[in-house]
2 protein chains.
Amino acid sequence: MEKATEELIKETAKDIFFKQGNLHATTQDIADAAGVNRSLLNYYFRSRDLLFEQVYNEAVQSKRSQLDEALDADLPFREKVERFIDVYLRDMRKYPFKEAFLISEINHKDFVLKNKKKSAKLISFLDEIAAEMKKGTIRTMDPMHFLVNLFSMLSYPIIMSPLYQQLFNLSHTRYENFIDERKDIILQSIFI
Amino acid sequence: MEKATEELIKETAKDIFFKQGNLHATTQDIADAAGVNRSLLNYYFRSRDLLFEQVYNEAVQSKRSQLDEALDADLPFREKVERFIDVYLRDMRKYPFKEAFLISEINHKDFVLKNKKKSAKLISFLDEIAAEMKKGTIRTMDPMHFLVNLFSMLSYPIIMSPLYQQLFNLSHTRYENFIDERKDIILQSIFI
DNA sequence: GGAGCGTTTAACAATTTTGTTAAGCGACAA
DNA sequence: TTGTCGCTTAACAAAATTGTTAAACGCTCC
């Protein structure tokens, strides 16, 4: 049991799902990309489903801690939002299709979501947003909408990049620049 | 060759992919949902791939004409944007995962996008956006960013609804209401 | 050199999915 | 009534995917 190889396989699976966005990849695809024998996948993970489960759980976990980390910082509101954007954008650039993978797994067959409560950090951040609205630096609305706007403007253009690259007829590198500009655009769009 | 049945099958496939978001559905799943024999799929579409191709092409086509229709109207800017939101939201509510399907197909294997030019209507709408910025009713930025912001705030919360329902711990109907509120929120967010 | 470990190879079995074919059924129309 | 048409049934073939197993290979470490 070589932990490094187990990791290699798992990371390769993540690359295929989250980076390339190939949500239909087979175990053979994964083994080939990892440069190992397909038997090894069964050796380490017993079955395809268990590998998927691990990848899924770690994706959820990473998104969760990403959020908590960003919201936990002891910073003024605007800096906190900037930090949030940085953290989020970095992960989206590394793994553009992570969220798409999550959704596709959730919608696949008899998948059941665990019914988690809102995290304490999230609730307190929603309060912070509300307070900021009273101060007048951002528009007044249900703080959930504020947060969803933020997530949307961050994630969507990256997830849908193949579509928008084509719609706007931009080269790959030109679209990369476009994404680079997002942080300022978003800040500009949410702060009054 | 009963056109109605062919349509039934195709529409059922769209329901499964675009409504339920089950991007891994098999031909058997589709046949069952349509209440027909699996042989009929081959009878009408020859193969699974050809069915997928039709569904894909019609999805692209519908998105395209949806956009053109909204942008083609001879209306003042704000009304045009409102109309755009209406058209778009209606389709997203009917087929929340249409875009997710498109992305998953595009990323799947050796898919190649046809290199289309920007549509004339799109270009003229980008000009309209720029003009509106000069008038000062919306913030100044690259019009593409304006448009992407709009798309993002419209689409993302719907595509990702399973995730955000859970994050905010909202019931299905409560999330429906949340989406209902999006139009005003978006207008509020993009107009100064 | 021999033992142990991680990995590969290879051969299969099992399962799932897709594609094909021919016969038959029921309704409706000529 | 006799066809024909749309569809089903059923039985298979073919292919793709997944899971299992045993033997062997190349290390490294003793």
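Heavy-atom basis, side chains included; hydrogens, waters and symmetry copies ignored. Chain identifiers are assigned alphabetically (A, B, ...) following the order of the sequence lines, protein sequences preceding nucleic acid strands; residue numbering begins at 1 within each chain.
Listed by chain and number, the residues in a ring-ring contact (aromatic ring centres under 6.0 Å, His included) with Y88(A) are F84(A), F151(A) (sequence neighbours excluded).
For Y56(B) and F17(B), the distance between ring centers is not under 6.0 angstrom.
Summarising the geometry, atom OH belonging to Y44(B) is positioned 12.0 Å from atom NZ belonging to K10(B); distances are rounded to the nearest 0.5 Å.
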>> One character per nucleotide, please: for nucleotides 18-24 of chain C, 5' to 3', B when the base has a protein heavy atom closer than 4.0 Å, S when only the sugar-phosphate does, - otherwise.
In response: BBBB---
>> One pair to check against salt bridge (Lys or Arg N to Asp or Glu O under 4.0 Å): K183(A) and E82(A). What are the steps and the verdict?
In response: CA-CA 8 Å; K183(A) 179 181 178 183; E82(A) 286 202 37; 3.3 Å; yes
> Between D180(A) and R93(A), is a salt bridge (Lys or Arg N to Asp or Glu O under 4.0 Å) present by the stated rule, with each step listed?
Replying inline: CA-CA 10 Å; D180(A) 285 338; R93(A) 301 196 75 127; 2.6 Å; yes
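Rounded to whole angstrom, the span from the CG atom of D29(B) across to the C1' atom of dT16(C) amounts to 11 Å. For the pair Y44(A) OH and dG19(D) C1', the computed distance is 18 Å after rounding to whole Å. As rounded to whole Å, 12 Å separates atom C1' of dA11(C) from atom CG of N37(A). Distance NE2 (H24(B)) to C1' (dT16(C)): 15 Å, rounded to an integer number of Å. When the C1' atom of dT21(D) is taken as reference, atom CG of L40(A) falls 15 Å away, rounded to whole Å. Atom CZ in F45(B) sits about 20 Å away from atom P in dT17(C), given to the nearest Å. Rounded to an integer number of Å, the gap from L41(B) CG to dG6(D) C1' is 15 Å.
Using cut-offs of 30° and 60° on the angle between ring planes, the pair F125(B) and F77(B) is parallel.
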